[in-house]
Amino acid sequence: QVQLVESGGGLVQAGGSLRLSCAASGRTFSSYTMGWFRQAPGKEREFVAAIKWNSGSTYYGDSVKGRFAISRDNAKNTQYLQMNSLKPEDTAVYYCAGKLYGSGRGRDYDYWGQGTQVTVSS
């Protein structure tokens with residue numbers, strides 16, 4: 001019903017920046033709270049950031065506060081994750097997620113993308 005497609009991943013040097021994009025299908029993107037998660041090999045999936053559907057309030061995981069910024073462009077059905085001051089420990093597969101009328105504080109998202117690899121070299 002709803003498809004999410006991430007892009008923008010790649011290889012970057014420590015201290016550098018990268019911007020991820022997530023393109024969503026459908027006509028109701030503006031009613032979805034959107035989020036980003038990441039997962040490194042052998043580790044649990046980790047919450048990165050979220051942006052609420054109506055207020056635009058943002059939420060961040062402790063490990064990325066002050067370095068990452070989530071945003072959205074409802075006219076383009078796209079959300080973004082701007083990643084600055086990247087560290088090797090940011091290396092992971094990054095997943096886009098969406099939840100209709102989500103609070104922004106929950107972790108129970110309904111739709112998920114396929115993921116995009118981010119690798120940060122030291």
Side-chain angles (χ1 to χ4, degrees):
Q1 182 183 11
V2 176
Q3 288 187 313
L4 304 174
V5 181
E6 303 95 334
S7 62
L11 176 65
V12 65
Q13 198 169 11
S17 298
L18 207 60
R19 189 179 77 155
L20 305 183
S21 299
C22 172
S25 66
R27 297 177 57 84
T28 58
F29 176 77
S30 63
S31 298
Y32 280 78
T33 288
M34 302 300 297
W36 290 95
F37 293 76
R38 67 186 184 186
Q39 188 167 28
K43 295 191 174 183
E44 301 235 342
R45 184 168 292 186
E46 177 188 17
F47 171 74
V48 175
I51 183 164
K52 197 166 183 292
W53 68 277
N54 55 348
S55 67
S57 298
T58 57
Y59 308 87
Y60 296 95
D62 290 340
S63 63
V64 306
K65 286 179 180 176
R67 300 189 298 121
F68 291 10
I70 189 171
S71 62
R72 66 193 297 161
D73 186 341
N74 289 342
K76 295 182 177 180
N77 275 21
T78 303
Q79 70 152 336
Y80 306 92
L81 183 68
Q82 179 66 48
M83 305 184 293
N84 300 320
S85 302
L86 282 162
K87 305 174 181 179
E89 51 262 45
D90 294 319
T91 295
V93 176
Y94 283 71
Y95 296 91
C96 175
K99 183 176 179 62
L100 186 63
Y101 304 129
S103 70
R105 295 181 173 88
R107 302 292 181 264
D108 57 331
Y109 286 78
D110 299 316
Y111 301 98
W112 296 83
Q114 83 290 342
T116 186
Q117 177 71 47
V118 172
T119 303
V120 184
S121 62
S122 58

- Item | Transitive ILVMFWY side-chain link F47 to V93, under 4.5 Å | yes
- Item | Inter-residue atom distance N77.CG - C22.SG, 0.5 Å rounding | 10.0 Å
- Message: Do M83 and D90 have side chains that approach each other closer than 4.5 Å (heavy atoms only, starting at C-beta)?
- Response: no
- Query: For the side chain of S57 and the backbone of S55, is there at least one donor-acceptor N/O pair under 3.5 Å apart?
  - Reply: no
- Task: Is it possible for you to check whether R72 lies under 6.0 Å from the centre of the six-membered ring of Y32, through NZ or CZ, and within 45° of that ring's axis?
- Result: no
- Message: I'd like to know if F29 and L20 are part of one continuous hydrophobic network [Ile/Leu/Val/Met/Phe/Trp/Tyr, side-chain heavy atoms within less than 4.5 Å].
- Response: yes
- Atom pair CZ (R19) and OG (S17), whose distance is rounded to the nearest 0.5 Å: 12.0 Å
- Rounded distance (nearest 0.5 Å) linking atom CG of L18 with atom CZ of F68: 9.0 Å
- Task: Please check if V12 and V64 belong to a single hydrophobic cluster, counting links between Ile, Leu, Val, Met, Phe, Trp and Tyr side chain heavy atoms closer than 4.5 Å.
- Result: yes
- Item | SB check D62 K65 (cutoff 4.0 Å) | yes
- Task: Check step by step if side chain to side chain contact (heavy atoms under 4.5 Å, CB included) holds for D108 and K99.
- Result: CA-CA 8 Å; D108 57 331; K99 183 176 179 62; 3.5 Å; yes
- Query: Roughly how far, to the nearest 0.5 Å, is the CZ atom of R38 from the CD atom of E46?
  - Reply: 4.0 Å
- Is the NZ or CZ atom of R105 positioned over Y59's six-membered ring, under 6.0 angstrom from the centre and within 45° of the axis? no
- Would you call K76 and S21 a side-chain contact if the rule is heavy atoms closer than 4.5 Å? no
- Query: Any side-chain heavy atom of T91 within less than 4.5 Å of one from Q117?
  - Reply: yes
- Query: Between Q79 (side chain) and G35 (backbone), is there a donor-acceptor pair under 3.5 Å?
  - Reply: yes
- Would you say the side chain of L4 lies within less than 4.5 Å of the side chain of M34, judging by non-hydrogen atoms? yes
- Taking atom types as modelled and ignoring hydrogens, do the side chains of W36 and E6 form a donor-acceptor contact shorter than 3.5 angstrom? no
- Task: Give, for atom OH of Y80 and atom CD1 of I70, the distance between the pair rounded to the nearest 0.5 Å.
- Result: 12.0 Å
- Is the side chain of T116 donor-acceptor paired with the backbone N or O of Y94 at a distance under 3.5 Å, no angle test? no
- If you look at every heavy atom in Y60 and A69, which pair is closest and at what distance? OH-CA, 3.2 Å
- Count the heavy atoms belonging to other residues, nucleotides or ligands that lie under 6.0 Å from CD of Q3, then report whether that count exceeds 12. no
- Does one hydrophobic cluster hold both L100 and F37, with members joined at side-chain heavy-atom distances below 4.5 Å? no
- Are I51 and W53 connected in a single hydrophobic cluster, I mean Ile/Leu/Val/Met/Phe/Trp/Tyr linked by side-chain heavy atoms less than 4.5 Å apart? yes
- Query: To the nearest 0.5 Å, what is the distance between OG1 (T28) and CG (N74)?
  - Reply: 10.5 Å
